[in-house]
Structure formats: C-alpha cells, structure tokens
Amino acid sequence: MNLCSLRNEFESDVAMTAMTFAVNDYDLAATLSSGQAFRWRWVGDGWLGVIGTHWVRLRENGASITAETVEPVPDWAWLAKYLQADLDLADVTRTFPDDEPMRAAVAASRGLRLLRQDPWECLASFILSSTKQIVQIQQIIALLCERYGEPLAAGPGDALVHAFPTADRLAQTTEAELRACKMGFRAKYLLATARRIADGKFHLTRLQALPVEAARGALTDLPGVGRKVADCVLLFAYGFPSAFPLDVWVLKALRQLYFPRRRVSTARLNKFAAGHFGPNAGYAQQYLFHYMRTKHPHANTQN
DNA sequence: GCCCAGGTGAAGC
DNA sequence: GCTTCACATGGG
C-alpha cells in the first residue's frame, strides 16, 4: 500500500481522518461514474460515498487520491482494496488485443479502473439493474439504503447517510415494501435472493475460492441472476478477470465494432469475448462499455 | 403515444 | 438449442 501521509483534521466538531494514496494513471471520475458502483455523488470538489460502514470523501490530486472519513481509521487496507490503488494498470491494458476498437476505447478513457466491491451490495445492486438506466438504478438504491440501511455519521456538509442494507434486513421486508422503492418486478427477485442468503442456504464468501465457472453457476441459481448479472458480480466484487458482462451497450459495441455486417447471437459473442480479449477480458469490457456510453451516447437510437 | 434502459425466467418451437 | 414475451418504472 502506498501510504504517503496521514493527518487528522478538525472541521466543526467532527474529527476527520484523511489518507493519501499515491496512484498512477487513475481516472477517479470515470471509475466512480462508469456504472459499476451506484452510490457515489459529486459534491463540491469531491466524491461522496459509503463503503461498508464508512462515509468517505475522495478527491483526486494529480498523482494521488486523498480519502477522508469521519471516524478515525487505524488501517486503510479496505480502501486500498476497494480502489485497487496498488494495481499497475499498464500490466492490464498491455494484455488487450491490439486492434482498432480497443485502442480507441483505451485512449478515450485512460485511467479507468475496476473497483473491488462488497459481494452482497454488488449482487443486490445488479439484480436491481435489469432494464433500468444507470440514473434510475442510483435512485432505487438510494431509496433502499435510506429506508433499510443503518444510519451512519456523515462528514461536514453532507446529509445523513446509510449503509447498504444487509441481506438479513432485506429478508425481513415484504415485496410490497420493496416495490415502494420503485424497483418494480425486481422486488420479488431481490427479496428471494436476500432470503436465500439470510437463511444461510447460500454462502457468498465461498465463491471467491471457486473456479470462475463454478462461481458463475452458483450465482445464476439465485432468483433474478442470469449470466449478465452474475458476470458483473464476478468481475466487480470478486475480481475474476475473465468475467465479461454482456449488456446492451457491450453487445452493441461488439456488433458494431467487430461484426458490422453479421447477425451474431449473445451466446456467440460470449464465446468470442472469452477468446478475443485475453486474460483481462472483463477489464476490456469496462473500457468498451464506457467508450460506448461516453462517445456514442445515442447509439441506441440509431439503426 | 413511441422506444429504450448495464435482463431474467417461462413458454413456445 | 433457438425466439418471443411479460415484467414496473421513468427518461427522452
């Protein structure tokens, strides 16, 4: 871990603790707003969010990221892991195929990273993501956290924040209560999956040690979890580098950039992705996703 | 009104 | 193995 400085601040009467991580090639804005995590807000001159039970403010300063929390933090390893601050991005991007679409996607968002998130929060979030725009996913999750998450102390200038609700807590809700959080038909899936985990019938912590295919198979047994949601969790929470979420944007990217005049099924494209993009296919996928959303935001209205 | 959104599951062939 | 459809809700 790159520990450059540690200081304590006193703003108002809240004790703040800060840590600065040295980073190379880290685009914090692209990373936090690229549809992997849904709770980060740009306020003033920094990003406000919640990681686990910590309120966190992140600010980018050239070759470093400064993090502030409310409570004193004896060990910052959890944050370094979340941010993947120690990863050498060049080691990843050099494994990408040397073709025109990848060159363009990497050039368009240099410094885009994959986070390493909590499996339950990631799983629940992507169950809620199906056929929803990212802005709406953020709204649903904000409501869910406000109503069922544990209240947390926030830093100065921020409103009361909440932890992401535990599976145990959501298992005690009703489908009607979840539907009231605007999640529609996804409520049934989220409730059923929360119950499977709260009952101890499904162990998220055991997936990390499995081969990726076995972990994917376990996840897709959960209600509301198909190939795409499973791959999001495998990639964004467990860090399986070959997991390749194939959503409508990446589907469009592959069809337009690699198969412009052929009709290719998603099953074929999953196989193509596994063979074409190398050992870090999931990372390549995130670059393609972000590239399509930022450079061709209206691609879905053409053709 | 229309179509679309970081899809899934069930039913039909 | 496919293809089609329902499923809630909100943005453009």
Side-chain angles (χ1 to χ4, degrees), chain A residues 30-40 105 109 112-115 117 119 121-144 173-194 196 216-238 240 243-257 262-271 273 277 281-303:
Chain A
T31 300
L32 298 181
S33 67
S34 63
Q36 356 174 13
F38 300 101
R39 298 195 66 198
W40 291 100
S109 33
L112 172 63
R113 303 281 183 134
L114 290 179
L115 301 168
Q117 302 177 59
E121 176 170 346
C122 188
L123 171 62
S125 297
F126 279 98
I127 285 174
L128 297 176
S129 76
S130 71
T131 50
K132 275 294 179 194
Q133 296 184 132
I134 289 176
V135 178
Q136 297 173 298
I137 301 166
Q138 291 167 338
Q139 292 167 352
I140 294 167
I141 290 173
L143 264 178
L144 188 70
T173 64
T174 64
E175 185 182 330
E177 288 175 317
L178 293 181
R179 279 182 181 256
C181 297
K182 318 273 191 188
M183 64 182 73
F185 60 84
R186 303 158 196 80
K188 186 179 310 157
Y189 297 144
L190 181 60
L191 182 56
T193 289
R196 287 272 293 276
R216 180 184 291 121
L219 284 168
T220 52
D221 279 343
L222 292 168
V225 182
R227 170 73 188 249
K228 189 269 171 183
V229 170
D231 277 353
C232 286
V233 178
L234 293 172
L235 185 64
F236 302 144
Y238 294 100
F240 285 101
F244 193 95
L246 196 45
D247 79 312
V248 287
W249 287 99
V250 179
L251 209 54
K252 200 162 291 283
L254 295 187
R255 285 180 173 151
Q256 285 182 2
L257 301 174
R262 263 205 284 160
R263 215 203 71 69
V264 191
S265 70
T266 61
R268 293 301 297 177
L269 288 173
N270 268 311
K271 288 182 184 173
F277 292 103
Y283 238 105
Q285 171 276 154
Q286 195 65 10
Y287 276 87
L288 291 171
F289 176 77
H290 197 244
Y291 178 60
M292 290 300 281
R293 287 216 323 134
T294 55
K295 301 300 170 187
H296 305 285
H298 304 298
N300 54 357
T301 63
Q302 299 165 2
N303 294 346

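Order of the sequence lines fixes the chain letters, A, B, ..., with proteins taken first and strands second; residue numbering starts at 1 for each chain. Fair warning: this is a prediction, and the values are worked out from it, not measured in the lab.
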First locate atom [atom1] of [X], then atom [atom2] of [Y], and finally report the distance between them rounded to the nearest 0.5 Å.
X        : Y        : atom1 : atom2 : value
A:Tyr189 : A:Leu178 : OH    : CG    : 14.5 Å
A:Gln139 : A:Met183 : CD    : CE    : 13.0 Å
A:Met292 : A:Leu254 : CE    : CG    : 9.0 Å
A:Phe236 : A:Leu115 : CZ    : CG    : 9.0 Å
A:Ser109 : A:Tyr287 : OG    : OH    : 6.0 Å

Residue [X], side-chain heavy atoms: nucleotide from [options] that is nearest:
X        : options              : answer
A:Ala267 : B:dA5, C:dC2, C:dT9  : C:dC2
A:Arg179 : B:dG9, B:dG6, C:dA8  : C:dA8
A:Val229 : C:dA8, B:dT8, B:dG6  : B:dT8
A:Ser129 : B:dG6, B:dT8, C:dG10 : B:dG6
A:Lys132 : C:dT9, B:dG7, B:dG6  : C:dT9
A:Phe126 : B:dG6, B:dT8, C:dT9  : B:dG6

Checklist entry - Toward the 5' end of DNA chain C, which comes first, A:Ser130 or A:Val135, by nearest nucleotide? => result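 Counting from the 5' end, the first nearest nucleotide belongs to A:Ser130.
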Rounded to whole Å, how long is the line connecting atom [atom1] of [X] with atom [atom2] of [N]?
X        : N      : atom1 : atom2 : answer
A:Gln139 : C:dG11 : CD    : P     : 6 Å
A:Phe185 : B:dG7  : CZ    : C1'   : 7 Å
A:Leu32  : B:dG6  : CG    : P     : 18 Å
A:Gln36  : B:dG6  : CD    : C1'   : 11 Å
A:Leu128 : C:dT9  : CG    : P     : 13 Å
A:Leu190 : C:dC7  : CG    : C1'   : 16 Å
A:Lys182 : C:dG11 : NZ    : C1'   : 14 Å
A:Arg186 : C:dA6  : CZ    : C1'   : 12 Å

Checklist entry - Looking at A:His290, A:Arg293, A:Gln286, which one forms a side chain to side chain donor-acceptor pair (under 3.5 Å) with A:Ser34? => result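 One option only clears the test, and that one is A:Gln286.
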Tell me what [X] touches on the nucleic acid: a base, only sugar-phosphate, or nothing, going by heavy atoms under 4.0 Å.
X        : value
A:Leu222 : sugar-phosphate
A:Thr220 : nothing
A:Val225 : sugar-phosphate
A:Gly224 : sugar-phosphate
A:Arg293 : nothing
A:Phe38  : nothing
A:Gln286 : base

Using the [atom1] atom on both, measure [N] against [M] and round to a whole Å.
N      : M     : atom1 : answer
B:dC3  : C:dT4 : P     : 16 Å
B:dA11 : C:dA8 : P     : 16 Å
C:dC7  : B:dG6 : P     : 22 Å

Examine the base of [N] for any acceptor or donor lying under 3.5 Å from a partner atom in the side chain of [X], and report the outcome as yes or no.
X        : N      : value
A:Gln133 : C:dG12 : no
A:Lys228 : B:dT8  : no
A:Gln285 : B:dG6  : yes

Checklist entry - How about A:Val225 and A:Val229: do any of their side-chain heavy atoms sit closer than 4.5 Å? => result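 Sidechains of A:Val229 and A:Val225: in contact.
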Next on the checklist: Out of the candidates A:Arg227, A:Lys271, A:Arg255, A:Lys228, only one should pair with A:Thr266 under the side chain to side chain contact (heavy atoms under 4.5 Å, CB included) rule; please name it.
Outcome noted: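 Answer after filtering A:Arg227, A:Lys271, A:Arg255, A:Lys228: A:Arg255.
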Checklist entry - Aromatic ring centroids of A:Phe289 and A:Phe244 under 6.0 Å? => result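 Distance test on ring centres: not under 6.0 Å, no.
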Checklist entry - Are A:Phe289 and B:dG6 stacked, counting the six-membered base ring, centres under 5.5 Å, planes under 30°? => result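 So A:Phe289 counts as stacking on the base.
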Any N/O pairs under 3.5 Å between the protein and nucleotides 3-5 of chain C? List them or say none.
{"residue": "C:dT3", "atom": "OP2", "partner": "A:Arg263", "partner atom": "NH2", "Å": "3.2"}

